[in-house]
Amino acid sequence: MANLDPALLGALRRAATDAADDGVEFVVDSGWRSPEYEEQLRREAVSKYGSEEEAARWVATPDTSAHVSGDAVDIGSDAAAWLSAHGAEYGLCQIYSNEPWHYELRPEAIGHGCPPMYADPTHDPRMQR
Ligand SMILES: [Zn+2]
């Protein structure tokens, strides 16, 4: 949980407490990542998917990754299923249709619902840097 945005961490803790009442355990698979680790993941994705373009649908660069900036978490499937139903109440939103495990804080979602998802990160203007 080191280096995560405190507001994101607080929202996750509140959600995890309430999910536990429903018998759902929150597992965070990946939170903050160093730029070096993000670049390693990106290189692995390039060799797995065969091109920079295809890899960009799954892994950001160190300059664009919300994991490197401390603004994203990847969570286990039980927690993701719970958050898909309840996350907006905490401002926790799935951002990309192809990544049901990836959540970021969208405080405006509280009361308004989460914003529409991008199909994958290549459609996210933040990734166009
Ligand atoms: Zn992620």
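Counting starts at 1 for both ligands and their atoms, in listed order.
Rounded to 10°, the angle that NE2 of His67 and ND1 of His102 form at the Zn ion (ligand 1) is 110°.
Among the backbone and side-chain atoms of Glu99, none of the N, O or S atoms lies under 2.8 Å from the Zn ion (ligand 1).
Under a 3.5 Å cut-off, the side chain of His123 and the backbone N or O of Ala119 do not form any donor-acceptor pair.
Here the closest heavy-atom approach between residue Arg57 and residue Pro121 is recorded as O-CD, 2.9 Å. Among all heavy-atom pairs drawn from Ala19 and Phe26, the shortest one is CB-CE1, 3.3 Å.
In Asp74, the N, O or S atom that comes nearest to the Zn ion (ligand 1) is OD1.
The aromatic rings of Trp101 and Trp58 lie parallel to each other, with less than 30° between the two planes, well short of the 60° mark.
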